[in-house]
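Encoded as structure tokens, the structure appears first; notes follow it.
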Amino acid sequence: MIEVRYERGVYLPQQNLWLDPWDAKPFAFISHAHNDHVAPHEEIIVSQRTARLLKSRLPGRRIEHILPFGEKRRVHGLDLMLLPAGHIFGSAQCFLFLGNETLLYTGDFKLRPGKSAEQVQWREADTLIMETTFGLSRYRFPPTQQVVDQIVSFCRETIEAGEVPVLLGYSLGKAQEILCSLDGVGLTPMLHGSVYQMTRIYEQLGQSFCKYVRYRANDVAGKVLICPPSANRSHMLERIPRKRVAMISGWAVDPNAVYRYQVDAAFPLSDHADYDDLIRYVDFVRPRRVFTLHGFAAAFACDLRARGVEAWALTEQNQMELHLSAADNALPVDPCAEVSRTAESTQGSFHKQVSDTRSEFLAFAKVGEAIAATPAKLEKIRLLSDYLRELTSEQLPVITTYFTGRAFAQSDPRTLQVGWSVIVRTLQGATKIDDAAFHSIAARHGDTGKTAFEVLDARTTPRPFTIVESRELFESLHRARGPLAKAQLLQDRFSISSAREGQYIVKILTGDLRIGLREGLVEEAIAKAFDVPLDQVKQANMLLGDIGETAALALRNEVHQAQLSLFRPIKCMLATPLPSAESVWQRFVDVGDVDGGSALATQPAIFLEDKFDGIRAQLHRSADRVEIYSRDLRRITGQFPELVDQATNFQEKLIVDGEIIAFEEGRRLTFFDLQKRLGRKSDGEDLFARAAADVPVAFVAFDLLWLNGESLLRTSLRERRARLSEVRLPPQFQIAKVVSARSAAEIEQAFRQARRHLNEGLMIKDPESLYLPGTRGMFWFKLKKELATLDVVVVAAELGHGKRNNVLSDYTFAVRDETTGGLLRIGKAYSGLTDAEIAELTEHFKQNTLADHGRYREVKPDIVLEVAFNSIQPSARHASGLALRFPRIKAIRRDKNVDSIDTLQYAHELAARDAQIQQSVSPEVA
DNA sequence: TATGACTGCCC
DNA sequence: ATTCTGC
DNA sequence: GCAGAATGGGCAGTCATA
């Protein structure tokens, strides 16, 4: 069969033809002139009208094969025919004659007659590649005339109310359709510039419209303004004080369209086929197989399979699946299709519950439960490795990624934007459970996953769920814009998920499996499953930042092939915290003192560096490219354009490890200044010019991992440092000064010196150590000390989560305001107490509760804690107006009571001192 | 238009 | 970030 | 000693809504 691939556009490799590719290609069919299809290709096949529209959208030279509709032509030995697609003016489908096979690619299309687009035509074809923008059954559009009538009424009523109606629709296609709809109803359309321009081209090509005028700012009264959606909230519209804005789009059938588009009304007039028409079209074309594209491609393909039509969503991720199925000329196993066919043949309901052993995702969840059930690490590994061995090469990467609590690989920058709030709403929506029942379940668990299980249990109609479909769910969640759209997707899935499946979907969404197994054990399971050395698996995962790809390599026995290379960030080496210079020194003595002789005399020197308070960063630089990655392998290049500019001045190709700090000579900047630059959007150069001026940064390099093609991971720190010191640095780059030490006293002195330089603390490193990515080994240590401690009183306590579900483990505490005598909250902390102490305090607080709010209770202020922290500063978070950085409990002060706690005034003194230190001098870097 | 809730990602 | 706990 | 689990503050961006 004809091979079909997808890579930012449909690609037919045997014909070397691209269909609507996003990027410039040598030879492509362009279905219509919307911007997302316009790229500077070398040679294109287009309809006559599309060619004309393209001229205005993308001037420039290219070879154009302009084909009439309905006539078979030969281009580069390829027999093909264009058919009208009915989407917009000039939009075409491409029908290919390939030997004794035929293929129809729809591009964007609609079946309903449009007033400004040619009527769609079709032919039967063996392979149908179709757009499925509205491929969910809830997208059914009302009759066109009904919608047009609504739009006209909206315009009339708005004008009668003395306001200006504004209709939003794409300037090419939709706007002209609206224009035609207003013909003969006695309204005068006024066109936004871009709409006007496009409409004039339509007219040159023979289309005629009713009378309209071009936009003039002082002449809008009584007119109907037609603008592209991008004009909403623009300066142009803001100048019209009294207006009502309506979005004209198929998405208007979504109940929340008005909010989503920030408009007063929304009307479902679309240039795309709705769900019913998509189904009808497949019936017309009678294809042997269907590939779906855009929108709800996966869901629609599944629906088609349920109707007995072989159908697959075309996405990048499906390449392997398609390739294999095309090569084998066989269908991949798919329980969805399987089950639905049975249901159909017995005339039963599609939604009839089927035995859940059919659900691949349920099988995954059950393995998770088995792993959770045993506390033994080796047993967990065994359970997982047995399961991994059963998986197909397509499922394996997905499942291993899930077992690290992620939907996407670590190095994959995609996020879901689905958190606790969306999940809770969705669970309620999917089950129609009432608020009281829901909250009673949630309160009992304090674990979203368990809550999901109990809420969904017996309240859903489970249908089988394949691993590939689960991956598609997460991809759709990522793609969906806004919490409402995401919630809808998730709710649809929950309503057909078993309780166990829902629980594991939630676990992945929250990034927290809580089954006593994380990445480290997954690596071990992969090694065990495919009988490859563990260190190779760890190495590969570290280099790839992708446990799924690592597993795939292990399956093919290719893990050893992973290599450190430019622009593939690796996890950084971490340091183990130690409380004192003496304890640090002891580590090195213990290691070196093998012969029992005098350690001090024989100890080689150890390396000391200041610990900078910035963000850990890995800089990759080649002759023509620079990238910066964060500790979690996020690409943060865009946040620091000035560093990127400077980094082009290196003489070498390299990977350096270091810290980006807020830094300016003669000025004390802190982590908080730096943080202002972190989440910022990377587009908009002027924003950055300003940010860079506000918060200048420096890159302090302290390690060299790769140089001109050579990996230095397996060379000693001493050697790496020597090589780093030879690198010529551009401005804004510095090298962290390294000094040697041979005693605890020297470490202590260096620590004090680092503090005097206003750095966070001291790093202590074994000069002979190799670079061990991702591990907090015994080769690097860090020494930090608290700024101060405060004696505070606990005023509220909360139930914890997970294994702390039944104890009051999280304490809110307060200081005394001397002026009023009242208690003012200053922070929260849990860490620092042992389980026994938490249990004891739980009992105490239960008996000394002032107000019980469920998971949270106010308690009698009689437990005094000594709380340590690293800095204290003004904040609106707590009533005291101060907040602590890294608060932790140092001790329960049983010797103190509420009358002897520290005061707000004292806390303010600490904060003032903290702030003053910050401002006094410039820090020293190198 | 302004604000707060939510999310993700730094420490 | 910090800290504790079970293997 | 390691890996896992449960917890802190603050910032920017997005979306929903007053």
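Residue numbers begin at 1 in each chain, while the letters A, B, ... track the order of the sequences. Note that the structure is predicted; figures quoted are calculated from it, not measured.
The residue A:Asp835 sits close only to the backbone: its heavy atoms come under 4.0 Å of sugar-phosphate atoms, none of a base. Using a 4.0 Å heavy-atom criterion, one finds that A:Thr775 contacts no nucleic acid atom at all. Within the 4.0 angstrom heavy-atom criterion, no nucleotide atom of any strand lies near A:Ile872. Contact annotation for A:Phe672: backbone-only contact, meaning every heavy-atom pair under 4.0 Å involves sugar-phosphate atoms and none involves a base. A:Lys782 comes within contact range of the sugar-phosphate backbone alone, with a heavy-atom separation under 4.0 Å but no base atom that close. Across all strands shown, A:Gln417 has heavy atoms under 4.0 Å from sugar-phosphate atoms exclusively, and none from any base. Within the nucleic acid shown, A:Lys784 comes within 4.0 Å of sugar-phosphate atoms alone, with no base atom in reach, counting heavy atoms only. Note on A:Thr576: nothing from the nucleic acid sits closer than 4.0 angstrom, heavy atoms only. Among the heavy atoms of the strands, none lies under 4.0 Å from A:Leu674.
For D:dG1, the OP1/OP2 oxygens have a side-chain nitrogen or oxygen of A:Arg587 closer than 4.0 Å. In terms of phosphate contacts, A:Gln639 brings no side-chain nitrogen or oxygen within less than 4.0 Å of OP1 or OP2 of B:dC9. Neither OP1 nor OP2 of D:dG9 sits under 4.0 Å from any side-chain N or O of A:Arg885. Checking the phosphate oxygens (OP1, OP2) of D:dC2, no side-chain nitrogen or oxygen of A:Arg518 falls inside 4.0 Å. Neither OP1 nor OP2 of D:dC2 sits under 4.0 Å from any side-chain N or O of A:Lys538. Considering only side-chain N and O atoms, A:Thr834 lies nowhere under 4.0 angstrom from the phosphate OP1 or OP2 of C:dT3. Contact between the side-chain N/O atoms of A:Lys377 and the OP1/OP2 oxygens of C:dC7 is not found at any separation under 4.0 Å. Here A:Ser875 does not reach the OP1 or OP2 of D:dG9: none of its side-chain N or O atoms lies under 4.0 Å away. OP1 or OP2 of D:dG9 has at least one side-chain nitrogen or oxygen of A:Arg877 nearer than 4.0 Å. Contact check, A:His801 against D:dA5: no side-chain N or O comes under 4.0 Å of OP1 or OP2. One finds a side-chain N or O of A:Ser809 lying less than 4.0 angstrom from the OP1 or OP2 phosphate oxygen of D:dT7.
Between A:Phe699 and A:Phe640, the distance separating the two ring centers is not shorter than 6.0 angstrom.
Positionally, the nearest nucleotide of DNA chain C for A:Ser831 lies more toward the 5' end than for the other of A:Ala836 and A:Ser831. Toward the 5' end of DNA chain C, the nearer of the two residues A:Leu833 and A:Leu378, judged by each one's closest nucleotide, is A:Leu833.
With rounding to the nearest 0.5 angstrom, the CD atom of A:Glu760 is 7.5 Å from the NZ atom of A:Lys782.
Between A:Tyr402 and A:Phe474, the angle of the ring planes goes over 60°, which puts this pair in the perpendicular group of the 30/60° scheme.
Electrostatic pairing of A:Asp657 and A:Arg616 counts as a salt bridge here, judged by a charged N lying under 4.0 Å from a carboxylate O.
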